[in-house]
Amino acid sequence: MSVISVADIENANGALVISARDILTPLAADRAKELNVRIERSSSVKVSPTSAIPLVPTTLAARPTPAAPPSAKPGSIQPGALSGSLYRRGAPVPPQMRVQGQPVTATRDDRPRAAVIGAGHVGAMTALRLAETSLFSCVTLVDIVPGLAAGLALDMWHSAGLRGFTTRIEGSTDLAALEGASYVVMTAGRPRQPGMSRTDLTGVNAEIVGGVADGIRRYAPRAVVVVVTNPLEEMTHLMAKRTGFPASRVIGMAGVLDSARFCSLIALEGVAKPQDVDAIALGSHGAEMVIPLSLATANGRPLEELIAKDRLAAIVERARDSGAEVVKLLQKGSAYFSPAESAASMLAAMVKGSSPVIAACVQSGGAYGVVNTRVGLPVRLDANGVKEIVTLSLRSVEQAALVEAAKSIAKRISELG
Ligand SMILES: NC(=O)c1ccc[n+]([C@@H]2O[C@H](COP(=O)([O-])OP(=O)(O)OC[C@H]3O[C@@H](n4cnc5c(N)ncnc54)[C@H](O)[C@@H]3O)[C@@H](O)[C@H]2O)c1
Ligand SMILES: O=C(O)C[C@H](O)C(=O)O
């Protein structure tokens, strides 16, 4: 019999096979939980902790070749030894993990549930991105196409052990599956094809958003809803109107994506890494997008000092048209990797309780002197949705562009009827 210490767990490299008589100290159990070390008790095989087989080394070159366990036949491995994860270290422990019949983690999973409506390109990728955060107990994917959401959800779940996430993923054709969801991402709807504007999608997607909104109101009445479906401002307005949810709980996703696009295009100029460029895209998700250059920096230095004026203007225009650029290249459907990452990062920030200042499509109220409509503004999010609209100091020309953007959006929304 030996006592399994914290150090044993840290040396275990993802998995540990111990004798039935060994004692796991509470501290070691906690450390196992933190490092996601899987502990198997075996009555027949006694393997000393330090010789337990490291399963999938994170850095193959950096780790010594493990000694074969004394009882192992040449070429044989310990039971359970091949279920390791490349991303195991630091990932949360699956709630169902047990040692001697006792759960290693708390028996109750307090993490919130999320749902994604539409299991198409954006929806499927968003569900996977959300699951990979392990911030949710479950992500439910819903699509009207029979089997699509369930099939994709099962396929994604099969990657859980490899990737090291613990969020369950389920699929359904029924909006009743939204029950218990604290966060819903709405992606159902048609994407545009080359030659179409986002506004061309209004009729067909309004039908879809209306029906889904009724389901959200019924089955997830306290959820925060992030709308992705285009045309973004109109569909966000419709979602808020049909659910009757307060403005703080219906948020359009576009500003995070448009800001990220601008920053990544700036990085192509070689002035900084994408994550070191700071900028925000306000106004509409379209022609009236406003990227205030007065606030745009790379490693803290104003972009206007780093990049020539006409070059900057061209990059602003490219960012504004990036959606169409991708549509034209794909020739079928629209962007989904960066949109999914954008939506998932908004939910992750909410679940963590706070976000930095991001751009999102929200009800303006009296902010920035624009008409009261859904428009892209700087906000902070918290667990309940929009925590506050943040006042940034804009140049008068930027402020005027924002006012014009809001006017155009308000007009389009009024035409929805
Ligand atoms: N806001 C943004 O920045 C942004 C970015 C990318 C895409 N979009 C928009 O997101 C939407 C989805 O794009 P996509 O590429 O995923 O399209 P897609 O065609 O790949 O997927 C759409 C899915 O919605 C499903 N669907 C349709 N009606 C439904 C309903 N009533 N209930 C449940 N599911 C339903 C379809 O079966 C399909 O699987 C489009 O409107 C697109 O323009 C917005
Ligand atoms: O451009 C589109 O139609 C999809 C989306 O709004 C995008 O910006 O990628």
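Note that ligands are numbered from 1 as they come in the structure, with each ligand's atoms numbered from 1 the same way.
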Peer 1: Distance-only criterion, 3.5 Å: show the donor-acceptor pairs between side-chain atoms of residues 218-232 and protein atoms not counting sequence neighbours.
Peer 2:
from	atom 1	to	atom 2	distance (Å)
T229	OG1	M186	O	3.4
T229	OG1	A188	O	2.8
N230	OD1	L232	N	3.2

Peer 1: Specify side chain, backbone, both or neither for V145, according to which of its non-hydrogen atoms lie closer than 4.0 Å to ligand 1.
Peer 2: side chain
Peer 1: Contact between ligand 2 and N230 is defined here as a heavy atom of the residue under 4.0 Å from a ligand atom; is it met?
Peer 2: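 Contact present.
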Peer 1: Please report, to 0.1 Å, the donor-acceptor pairs under 3.5 Å made by any side chain of residues 286-295, with sequence neighbours excluded.
Peer 2:
from	atom 1	to	atom 2	distance (Å)
E288	OE1	S284	OG	2.8
E288	OE2	R412	NH1	3.2
S294	OG	E398	OE1	2.7
S294	OG	E398	OE2	3.0

Peer 1: Answer yes or no: is there a donor N or O on one side and an acceptor on the other, between the side chain of D214 and the main chain of G211, under 3.5 Å?
Peer 2: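 Such a contact is absent between D214 side chain and G211 backbone.
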Peer 1: Would R261 count as a contact of ligand 2 if the rule is a heavy atom under 4.0 Å away?
Peer 2: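 Flag set, R261 near ligand 2.
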Peer 1: Is S342 touching ligand 1 with its side chain, its backbone, both, or neither, if touching means heavy atoms under 4.0 Å apart?
Peer 2: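 For S342, there is no contact with ligand 1 at all, from either part.
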Peer 1: Please confirm whether G333 approaches ligand 1 to less than 4.0 Å, judged on its heavy atoms.
Peer 2: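 It does not, in that no heavy atom of G333 comes within the 4.0 Å cut-off of ligand 1.
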Peer 1: Which heavy atom in L135 sits nearest to a heavy atom in T167, and how many Å separate them?
Peer 2: N-OG1, 3.9 Å
Peer 1: For atom 2 (C) of ligand 2, what is the nearest protein heavy atom, given as residue, atom name and distance?
Peer 2: R192 NE, 3.3 Å
Peer 1: Numbering the atoms of ligand 1 from 1, which are under 4.0 Å from a heavy atom of N230?
Peer 2: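 In order of number, 4 (C), 8 (N), 9 (C), 41 (O), 42 (C), 43 (O), 44 (C).
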Peer 1: At what distance is the nearest protein heavy atom to atom 11 (C) of ligand 1, and which residue and atom is it?
Peer 2: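 Scanning the protein heavy atoms, the shortest distance from atom 11 (C) of ligand 1 goes to T187 O, 3.3 Å.
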Peer 1: I need the atoms of ligand 1 closer than 4.0 Å to a non-hydrogen atom of H285, numbered in the order shown.
Peer 2: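 Close to H285: 2 (C), 3 (O).
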Peer 1: Looking at R129 and E132, is any side-chain nitrogen of the basic one under 4.0 Å from a carboxylate oxygen of the acidic one?
Peer 2: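 Yes, this pair counts.
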Peer 1: Please indicate whether any nitrogen or oxygen in V228 is less than 3.5 Å from any nitrogen or oxygen in ligand 1.
Peer 2: yes
Peer 1: Quick check on contacts: which atoms of ligand 1 are under 4.0 angstrom from a heavy atom of P339?
Peer 2: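 Matching atoms, with element in brackets: 5 (C), 6 (C).
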Peer 1: So for ligand 1, is T229 a polar contact partner (N or O within less than 3.5 Å, distance only)?
Peer 2: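 No: no nitrogen or oxygen of T229 is under 3.5 Å from one in ligand 1.
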Peer 1: May I ask you to list the atoms of ligand 1 that are less than 4.0 angstrom from any heavy atom of N205?
Peer 2: 41 (O)
Peer 1: Using a strict cut-off of 4.0 Å, indicate which atoms of ligand 2 neighbour a heavy atom of G323.
Peer 2: 1 (O), 7 (C), 8 (O), 9 (O)
Peer 1: Name the closest protein heavy atom to atom 38 (C) of ligand 1, giving the residue it belongs to and the distance to 0.1 Å.
Peer 2: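 I find the closest protein heavy atom is D143 OD2, 3.4 Å.
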Peer 1: Please list, in number order, the atoms of ligand 2 under 4.0 Å from a heavy atom of H285.
Peer 2: 5 (C), 6 (O), 7 (C), 8 (O)
Peer 1: Considering the heavy atoms of L232, write down every atom of ligand 1 situated less than 4.0 Å from one of them.
Peer 2: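 Numbered from 1, ligand 1 contributes 1 (N).
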Peer 1: Could you tell me whether ligand 1 has any atom less than 4.0 Å away from a heavy atom of T173?
Peer 2: no
Peer 1: Considering only NZ, NE, NH1 and NH2 on the basic side and carboxylate oxygens on the acidic side, decide whether E233 and R374 come within less than 4.0 Å.
Peer 2: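 The answer is no: the pair does not qualify as a salt bridge.
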Peer 1: Would E170 and R113 pass as an ion pair if we require N to O under 4.0 Å?
Peer 2: yes
Peer 1: Does CZ belonging to R318 count more than 12 external heavy atoms closer than 6.0 Å?
Peer 2: no
Peer 1: For ligand 1, which is the ligand I care about here, please tell me if R192 has any N or O atom under 3.5 Å from one of the ligand's N or O atoms.
Peer 2: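 So ligand 1 has no N or O lying under 3.5 Å from an N or O of R192.
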Peer 1: Looking at T166, is its backbone amide N or carbonyl O close enough to the side chain of S134 to form a donor-acceptor pair, meaning the two atoms are under 3.5 Å apart?
Peer 2: yes
Peer 1: Does any N or O atom in R190 lie less than 3.5 angstrom from one in ligand 1, N or O only?
Peer 2: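 It does: an N or O of R190 is found under 3.5 Å from an N or O of ligand 1.
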Peer 1: Counting C-beta onward and ignoring hydrogens, is there a side-chain heavy-atom pair between L268 and L265 closer than 4.5 Å?
Peer 2: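 They are in contact (side-chain heavy atoms under 4.5 Å apart), so the answer is yes.
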Peer 1: Which bit of M253 is near ligand 1, meaning a heavy atom under 4.0 Å away: side chain, backbone, both or neither?
Peer 2: both
Peer 1: Considering the heavy atoms of V122, write down every atom of ligand 1 situated less than 4.0 Å from one of them.
Peer 2: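 Answer for ligand 1: 6 (C), 7 (C), 13 (O), 14 (P), 15 (O), 16 (O).
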Peer 1: Could you tell me, atom by atom, which parts of ligand 2 come under 4.0 Å of a heavy atom of S334?
Peer 2: 2 (C), 3 (O), 4 (C)
Peer 1: Do P112 and V351 have side chains that approach each other closer than 4.5 Å (heavy atoms only, starting at C-beta)?
Peer 2: yes
Peer 1: Is any side-chain heavy atom of Q331 less than 4.5 Å from a side-chain heavy atom of P194?
Peer 2: yes
Peer 1: Looking at S259 and A281, would you say the former's side chain and the latter's main chain have a donor-acceptor pair under 3.5 Å?
Peer 2: yes
Peer 1: Give a yes or no answer on whether the side chain of N372 reaches the backbone of G365 with a donor-acceptor pair at less than 3.5 Å.
Peer 2: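 Yes, because the side chain of N372 sits within donor-acceptor range (under 3.5 Å) of the backbone of G365.
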Peer 1: Relative to each other, are the rings of Y336 and H121 parallel, tilted or perpendicular (30° and 60° limits)?
Peer 2: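 Y336 and H121: tilted rings.
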Peer 1: Return the option from G118, P191, S172, S338 holding the heavy atom at the smallest distance from atom 17 (O) of ligand 1.
Peer 2: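 Minimum heavy-atom distance to atom 17 (O) of ligand 1 goes to P191.
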Peer 1: Any idea which atoms of ligand 1 are less than 4.0 Å away from a heavy-atom of L257?
Peer 2: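 In order of numbering, the contacting atoms are 3 (O).
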Peer 1: Which of the numbered atoms in ligand 1 are below 4.0 angstrom from a heavy atom of L148?
Peer 2: 39 (O)
Peer 1: Out of all atoms in ligand 2, which are within 4.0 Å of some heavy atom of A335? Include the element for each.
Peer 2: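 The list of qualifying atoms is 9 (O).
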Peer 1: Do the side chain of S334 and the main chain of V327 share a donor and acceptor less than 3.5 angstrom apart?
Peer 2: no
